[in-house]
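Structure first, then comments.
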There are 2 protein chains.
Amino acid sequence: MSIYEFLGTLVPFTNKELNDIQSHFKKETVSKSQLLVNQGDICKTLYFIEQGMGRSFYTNENGKEITQWFFGVGKFMTSADSFFQQTPSLYNLEVLVDSVVFSISKKDIDQLFAKYHKMEKLGRLVTTEMLTKIVNKLNAIQFQTAKERYDYMLAEFPDIVHQVPLGHIASYLGMTQETLSRIRK
Amino acid sequence: MSIYEFLGTLVPFTNKELNDIQSHFKKETVSKSQLLVNQGDICKTLYFIEQGMGRSFYTNENGKEITQWFFGVGKFMTSADSFFQQTPSLYNLEVLVDSVVFSISKKDIDQLFAKYHKMEKLGRLVTTEMLTKIVNKLNAIQFQTAKERYDYMLAEFPDIVHQVPLGHIASYLGMTQETLSRIRK
DNA sequence: GATTTCCTTTGACCTATGTCAAAAAAACGG
DNA sequence: CCGTTTTTTTGACATAGGTCAAAGGAAATC
């Protein structure tokens, strides 16, 4: 799904508006394992995934990588609070397979928010959707057994779950790789 | 903090705009233990807490109440996805002490979003802030010990933590009341 | 296609936290 | 105040899931 198509599905932009908005996004090809943002840096770019997938993760005190979120096709990928508040990111952003993304700077998207009321609305809707999804994950993590959490994962990220290393999924679900391996049997 | 003051802190509304916006909010006094929304109902109203505090919670299969969030002074209280998507709420909204709130209907706030670009922006900013806070909770729940989770609670809700029953906090933090009681010693 | 590196599974054992039950303390209502 | 209800603490025991270690598989690299 291209950014052009995506924008139109949420808010009824005119073609002229769409063309203007789209012109601020830059198409980029990024290869597997590339980091788009490093933990500690201020996230200056928002990415829209046209093809591929990514994750956000951080490295904890014991040097273990903890996956925080997965980003699939047709989603915006960023370290949300770092990007919107311009504070150091708690997470790395990593591309998990060779991908095609559209990128836009904080400055440009703020200009678009200011220029188009509809764009501001789109921002609000996208943020609301993200909020809902995080609440879902929270409920899964907080009150469900390891088995149920894996079921949540299958429902939320059906296309991603079989394409990434087990360890990434395990840490995303707040359990060890060994436990997840046992559950899957 | 009144809704009037609050609105001005995030976005530079003119006095005329503020008066118009404020006129759509209705001041209400609600008493302790009152439910503003029932699990399963569609949440039609957004509340701003001027005085007091509340929580969202649900009753699980075993009849146990699980607190999902606390709402303090100067915050919007609602079942976010129920309100914004007009779907049945997973949660009850309960006022924990006698409180003063400002309420606004979905219809009215949507009109304000449509009428004022700045209001739409405010909606986006408030949603983004909520998103950030939920991510913080998620990190606490997912990867911290019971002790650390209580520390997170003290940091995030310093004014609430000593005013509500232990059981509410325990379920919010994803642990049992007994565990929390032992931690506090 | 052999070698190295990465990923997944398995086993044995351990620990933080849950469960159940009951006592103690605090808050509430008449 | 006194009795009732609600909330908190404490104890004994159970268990889901963690930790550590090692062996298989798979897949990338030369």
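Reminder, nothing fancy here: chain letters follow the sequence lines and each chain counts from 1. Hydrogens, waters and symmetry mates are skipped; everything else that's a heavy atom, side chains included, is used.
- Taking the ring centre of B:Tyr172 as origin, the terminal cationic atom of B:Lys137 falls inside the region bounded by 6.0 Å and 45° from the ring axis.
- Listed nucleotides D:dT10, D:dT9, C:dT8 differ in distance to B:Arg184; the shortest reach to its side chain belongs to D:dT9.
- In this structure, the side chain of A:Gln68 does not engage the main chain of A:Leu90 through any donor-acceptor pair within 3.5 Å.
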Task: Summary of protein contacts for nucleotides 17-29 of chain D, nucleotide by nucleotide, where a base hit scores B, a sugar-phosphate-only hit scores S (4.0 Å, heavy atoms) - done: SSBBB--------
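- Computed from coordinates, the B:Gln142 CD to C:dT17 P distance equals 15 Å when rounded to whole Å.
- When the P atom of C:dG18 is taken as reference, atom CG of B:Asn60 falls 14 Å away, rounded to whole Å.
- By the 6.0 Å contact criterion, NZ on A:Lys118 is enclosed, its count of non-hydrogen atoms from other residues, nucleotides or ligands being greater than 12.
- In this structure, CD of A:Gln163 is placed 15 Å from P of C:dC7, rounded to the nearest angstrom.
- Summarising the geometry, the separation between NE2 on B:His162 and C1' on C:dA26 is reported as 17 Å, rounded to the nearest angstrom.
- Relative to the ring axis of B:Phe57, B:Arg55 places its NZ or CZ within 45° and under 6.0 Å from the centre.
- Counting to the nearest Å, the C1' atom of C:dG18 and the CD atom of B:Gln177 are 13 Å from each other.
- In the model, B:Ser89 has a side-chain atom that pairs as donor or acceptor with a side-chain atom of B:Ser79 under 3.5 Å.
- B:Asp20 and B:Tyr116 form a side-chain donor-acceptor contact under 3.5 Å, judged by distance and modelled atom types alone.
- Rounded to an integer number of Å, the gap from CD1 of B:Ile169 to P of D:dT9 is 11 Å.
- Rounding to whole angstrom units, OH of residue B:Tyr150 and C1' of D:dT8 are separated by 13 Å.
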